[in-house]
Amino acid sequence: MVTVTLTVNGETRTAIVGGETTLLRMLRDNLNLTGSKLGCDVGDCGACTVIVDGKPVNSCLMLAAQAEGRDVETIEGLASMDRVHPIQKAFEECASLQCGFCGPGVIMSAKALLDEIPNPTIPQIRDALGGNLCRCTGYVKMIEAILLASRNMRGEAVQSIR
Amino acid sequence: MKKRGQGMACMWYPIGFTVAANPSSAVVKLDEDGTATLLTGTVETGQGSLTILAQIVAQELGISTDDVNVVSADTDATPMDTGAIASRTTYVTGNAARLAAEKVKMMLFDVAAPLLGVKPNQLEAMDHKIVVKGFPQRNMHIGDVANHARTVTGEPPIGSASFNPATVALDPETGQGKPFGTYVYATQIAEVEVDDETGDVEILRIVASHDCGTPINPMLVEGQVEGGISMGVGFALQEEILFNDKGVQMNPNLTNYIMPTSLDMPEIEVDIVDNYDPSGPFGAKGVGEPTLVPTAACILNAIYDAVGVRIHSLPATAEKVFNAIQAKRDAEPKQITA
Amino acid sequence: MDKKPKVAEKDSSVESVLKDPGILRESVASPLVTYPIEVVVPKARQQTPAVGQRATRLDGRLHGLGQTSYIDDMTFPGMLYAKIKRAGVASARIKSIDTSEAEAMPGVMAVLTGKDVPNNAFGPSLKDQPVLALERVFHAGDPVVAVAAVSEQIASEACEKIKIDYELFTPVLDPLESLKLETPGVHAPSANIYQKKFIKKGDIEKGFAMSDHIVESQYRTQMVEHVPLEPHATIAMWDANGRVTIYSTLGRITLGRADIASTLGIPISRIRLVATIVGGNFGGKNEITTEPVLALLSKKTGRPVKSVFTRPDEFIASTTRHPLIMDYKTGVTKDGRIQARKIRLVLDGGAYCSWSETTLSKACILSAGPYNIENIYAEAYVVYTNKTMTGAMRGFGAPQVCFAYESHMDEIATLLKMDPLELRLMNVFHEGSISPTGQKLQSVVVKESLLRAAEKFGWKGKGSGTSGGKLLPKDIIDATTVRV
């Protein structure tokens, strides 16, 4: 067993896990943060995407021990008690999510993109979502929402979708 | 060299189960603030059915979508439903929900009529009010009517209903009969670009023109079409479960079972065909499955238009397309340049 | 990390909390249950009339927050985890099952085989599928043994320790082989062809005789999987009154409850079945999988039991789309009017019937396409093979036959040097057309969909591609018949 201490969504968290426990399992089972999902457990689907030290990663491919001392952002850290994150708001307005299971992973990939490129092109958005599989939506309204969110986050006039 | 082509496919698809009864029941109750609760046995699997059902109930009662709370999928608490299958939810469960809401509306009319000094058939429900037809200033807030029903008349408004599509069994020898209550139609047209040196097919854009009767929520219809097309793209070009000669799957994982990512999707234009089916709730039919039915066909037809090869089996992988292009070249008589 | 608020985890000792005044009892930045954020209701949800509004979804906000509770997100006190050991061989007789080593493992609470299931057969039409395979295995994903343990890992390790002795048979993998009468029945003594369907309209031979051209072709489609992002998941738990509550990803709970009741041999009133918001279905979650087994494990252990399919389980142990082999023969006049269409469909029905009856019916009824054809003969067969069971998948045979009939229409268009759009407009259904099953169709808008799509796309007439659209027939059968 190994003790892992790291920052999750701005707070110091600690857990005692088995050596082979993944970051995903630690987040879900030990820290009760069940927003990140288990879709394949081998890094193919992206449903477990979180941001570690600023980079989007498949948390099922990272051992919990490897996250020691690192800065992790999960879907639970985006909204505050007062407001949803602009990406979450745009996804809601555009009906970007259907069954919702891939949603947290997609939104974290989108956040990582907008943190780095505040004004992305559509090809850049497609590329950023390339590791997130979605079976319901065809990705179309996700791309619309990310464009809308990027405009809102840059303070441009809020546009209604239609 | 990259060559472009266009291809089309049209289709028809039924709503509901084949001949067999596939009923749905629904219960609607109205609370004293004029908001409603819908109890339905259906299951939300991502397609947005609970939102649609809320819109149907809201329409019938003249209230807004947000005023309808939907409780679903609990055999202890919700009435029976044949299930979220065969694109039947909007049509079958939707009809049941509308009929249940209509019963509630009739109860409200019975209560409001004497209070407004008219007969029940002179009333309509709109914009959160029970209104005398033709005299909009003579109205009562729906919540007040519901409250009156509960506290004075003693008949809290609640209604339940079932619906089952009308079918006729098929003759076992000739297959003649009326297997479904209604059908929907669609056309999809694809533009592709084929690299004749690799066989790679890029889908540039797809225009999808779908009939769903009245679209209860056009934004959710678009979502279904876009999602269906993504499944159709995978079916056309990428996906295949492979077996070895012992009957064991060789690629039971998402590394080697290739399905569309955001990078594989074309530009999609969704068009909803104007139509109204009187047997559906407010003219609606359904759209869940039809969205992927013509996709592979239009893509494969576009490949033929681009490079003149007809692929007869799916998926049309780059290897298959490339081999077909090679075979076509080999079969053509050689041109002798003058 | 010094300035960041520190959280006392659930298992922190009281002493450590008392020693450090800066420590927080609960996490602040990531509330797990949020109270009204931005109580602003999107406008479309407040509009009347409601039909036609682009209303945002009821569940959209929770999805985006990661707060939608799927079954794998749910835990109950004392909950156990179940894993299923699957056959791994496609066709075999089970000679013996030795679970002793698994049962002896610390942390393993219960092990079940088919003999523990009161009625070990179910299915939406033919009840040919076992809850746990007991005597015979018909595909490599067949479930054989179920293990409940205190952790998923222990349950998986226990499955590794189960020894099953098989007598292997040669699997039947080719549906055309399976179609032949002399091939041994996969589910012997039952025949391999387990369902048939026929549609006869008009006089097919007369129709061909009236045609100027006859085009024949064969099309094939592959086995594909639904790939819902959320795997199948179930939790079962009993109460002291003898009722079992089952949370499941099933898409149809009324019929699901009936299946669970019949396999367990208990009345439906003893079962409460609750479906959560499901992470994708597409037809693959329309029949029971582990529900009866989990109910039995829960009863045996006295604890809630959860089971979640792995991604490989999704491929090998849940239903897939029927592969089809489709033979089409169409007679047309030289100006493009379809006189006759003859179709044969062979569906690879996999190891069990599942939703094959519905798929067969739909595929057959839809197979001629949305076209006015006086003379139709369609025959369709579904056969058993030792491959993954094929069942309901979005479209029930329609995507497969549409690929065939629309490719076929384009081949006809090429032969006749016609614009594919013109050929379709000439033949397609209109209001009041009679379907292949003799049904008068209403609310028909296929022509409108063709014209609208063509206009929005900017459809250019025939020969718009760079290929020149030339037909290269593989066989010329006679002066009028080509096989393409």
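Protein chains get the first letters and strands the later ones, always in sequence-line order, with residue 1 at the start of each.
Between atom CG of residue C:N286 and atom CG of residue C:L250 there is a gap of 8.0 Å, rounded to the nearest 0.5 Å. Atoms NZ and OG, on C:K456 and B:S209 in that order, are 7.5 Å from each other to the nearest 0.5 Å.
Only the side chain of C:P171 comes within contact range of chain B, judged by heavy atoms closer than 4.5 Å. C:T310 does not touch chain B: none of its heavy atoms, backbone or side chain, sits under 4.5 Å away. Contact of B:N22 with chain C is not made at all, since no heavy-atom distance falls under 4.5 Å. Looking at B:N253, the atoms closer than 4.5 Å to chain C (heavy atoms on both sides) all sit in the backbone: N, CA, C or O. For chain C, the nearby part of B:M259 is the side chain; its heavy atoms alone come within less than 4.5 Å. For chain C, the nearby parts of B:I216 are the backbone and the side chain; heavy atoms of each come within less than 4.5 Å. Both the backbone and the side chain of C:L421 come within less than 4.5 Å of a heavy atom in chain B. The contact between B:T291 and chain C is made entirely by side chain atoms (from C-beta outward), counting heavy-atom distances below 4.5 Å. The contact between B:I189 and chain C is made by backbone and side chain atoms together, counting heavy-atom distances below 4.5 Å. The contact between B:A84 and chain C is made by backbone and side chain atoms together, counting heavy-atom distances below 4.5 Å. Using a 4.5 Å cut-off between heavy atoms, B:A86 touches chain C through backbone and side chain atoms alike. In this structure, the portions of C:L450 lying under 4.5 Å from any heavy atom of chain B include both its backbone and its side chain. Looking at B:L242, there are no atoms closer than 4.5 Å to chain C (heavy atoms on both sides), in backbone or side chain. Only the backbone of B:I63 comes within contact range of chain C, judged by heavy atoms closer than 4.5 Å. With a threshold of 4.5 angstrom between heavy atoms, C:T320 approaches chain B through side-chain atoms but not through N, CA, C or O. For chain C, the nearby part of B:T18 is the side chain; its heavy atoms alone come within less than 4.5 Å.
Relative to the six-membered ring of B:F235, C:R321 meets both conditions, a distance below 6.0 Å and an angle of at most 45° to the axis.
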List the steps and the verdict of side-chain contact (heavy atoms from CB on, under 4.5 Å) for C:Y219 and C:Q400.
CA-CA 9 Å; C:Y219 308 91; C:Q400 298 98 309; over 6 Å; no
Does the pair C:V445 and B:H210 meet the rule for a side-chain contact (heavy atoms from CB on, under 4.5 Å), with working shown?
CA-CA 9 Å; C:V445 286; B:H210 278 260; over 6 Å; no
Is there a side-chain contact (heavy atoms from CB on, under 4.5 Å) between C:E225 and C:T388 once you walk through the steps?
CA-CA 10 Å; C:E225 221 285 309; C:T388 313; over 6 Å; no
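Heavy atoms from other residues, nucleotides or ligands lying under 6.0 Å from NZ of B:K178 number more than 12. Under a cut-off of 6.0 angstrom, the local environment of NZ in B:K246 is sparse, with at most 12 non-hydrogen atoms contributed by other residues, nucleotides or ligands.
No side-chain heavy atom of C:Y371 sits under 4.5 Å from any side-chain heavy atom of C:V446.
Residues B:S24 and B:D81 have side chains that bring a donor and an acceptor to within less than 3.5 angstrom of each other.
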